[in-house]
Amino acid sequence: MVRAWILPTLLVLCGSAVATVLAFEGNPGAAAALLLAFLALAGVNSPLVFPRSISAQEAQRRSVVDGRPVVFWRPGCKYCMRLRIRLGRSARQLHWVNIWRDPAAAAAVRAANDGNETVPTVVVAGRPHTNPDPEWVRDHLCTVIA
């Protein structure tokens with residue numbers, strides 16, 4: 001879990017350092033804008049934004065048991081971020097797998113997408129769906145839980 005915080009922490013530190021230099025050079029507006037940009041990047045890559053990732057093997061095992069969809073994602077993907085934000089609290093009910101941390105997950109995504117690592121790829125009842133509408137995912141989640 002500590003490794004998940006390395007990139008966001010580096011982004012905040014680097015952004016703070018560059019913003020400090022700009023502020024001392026007399027550009028407080030540019031410093032504030034740059035710091036906000038770095039903070040946004042850190043937030044997008046933060047483990048707080050996405051639920052804790054598990055391995056593809058564990059996600060598939062859990063999905064067989066509870067019927068919940070598996071979401072293959074990667075940090076920095078705007079479509080993954082859109083899915084996560086639009087799902088709101090219900091996103092925590094899905095099984096999230098970071099394809100950059102699990103080679104088996106990346107292979108599964110490539111197999112489902114003609115060799116491309118296109119994310120988000122959501123697997124519902126063993127069938128992959130590439131970049132589905134968040135409402136569609138929520139509807140499938142509700143049918144599983146109901």
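Numbers here simply count residues along the sequence, with the first being 1.
Among residues two or more places apart in sequence or in another chain, the side-chain hydrogen bond (donor to acceptor under 3.5 Å, both in side chains) test is passed with R86 by none. When the side-chain hydrogen bond (donor to acceptor under 3.5 Å, both in side chains) test is applied to D133, no partner is found at least two apart in sequence or on another chain. Applying the side-chain hydrogen bond (donor to acceptor under 3.5 Å, both in side chains) rule to E58 yields the partners R61, R62; only residues at least two apart in sequence or on another chain are considered. Qualifying side-chain hydrogen bond (donor to acceptor under 3.5 Å, both in side chains) partners for Q60, counting only residues two or more places apart in sequence or in other chains: none.
Checked options V124, V97, L83; the residue passing with V71 is L83 (criterion: side chain to side chain contact (heavy atoms under 4.5 Å, CB included)).
P134 and R82 make their closest contact through CD-NH2, 3.1 Å (heavy atoms, listed as atom of the first residue, atom of the second, distance). In this structure, F38 and C14 approach most closely via the heavy-atom pair CE2-CB, 4.2 Å. Between A56 and D102, the shortest heavy-atom distance links the atoms N-OD2, 2.6 Å. Nearest heavy-atom pair across S53 and W73 is OG-NE1, 3.1 Å. The two residues R74 and N98 come nearest to each other via the heavy atoms CA-OD1, 4.0 Å.
With hydrophobic clusters built from ILVMFWY side chains whose heavy atoms lie under 4.5 angstrom apart, L41 does not share a cluster with W100. I54 and W96 fall into different hydrophobic clusters, where Ile, Leu, Val, Met, Phe, Trp and Tyr are joined by side-chain heavy atoms under 4.5 Å apart, directly or via other members. At a threshold of 4.5 Å between side-chain heavy atoms, the hydrophobic network of Ile, Leu, Val, Met, Phe, Trp and Tyr places V119 and V123 in one connected group. Cluster membership check: V137 does not share its hydrophobic cluster with V70, using side-chain heavy-atom separations under 4.5 Å among Ile, Leu, Val, Met, Phe, Trp and Tyr.
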Show me the donor-acceptor pairs within less than 3.5 Å that the side chains of residues 107-114 make with the rest of the protein, sequence neighbours left out.
from: R110; atom 1: NH1; to: E117; atom 2: OE2; distance (Å): 2.5
from: N113; atom 1: OD1; to: T130; atom 2: OG1; distance (Å): 2.3
from: N113; atom 1: ND2; to: V109; atom 2: O; distance (Å): 3.0
from: N113; atom 1: ND2; to: T118; atom 2: O; distance (Å): 3.4
from: N113; atom 1: ND2; to: T121; atom 2: OG1; distance (Å): 3.0

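The line from OG1 of T20 to CD of E25 is 11.0 Å long, rounded to the nearest 0.5 Å. Distance check, rounded to the nearest 0.5 Å: SG of C80 to CG of N131 gives 8.0 Å. Interatomic distance, S90 OG to R138 CZ, rounded to the nearest 0.5 Å: 4.5 Å. Between the CZ atom in R84 and the CG atom in L94 there is a gap of 9.5 Å [rounded to 0.5 Å].
Sorted by first and then second residue, the ring pair (Phe, Tyr, Trp, His ring centres under 6.0 Å) pairs with a member in residues 103-132 read H129-W136; sequence neighbours excluded.
The backbone N or O of V12 sits less than 3.5 Å from a side-chain atom of S16, completing a donor-acceptor pair.
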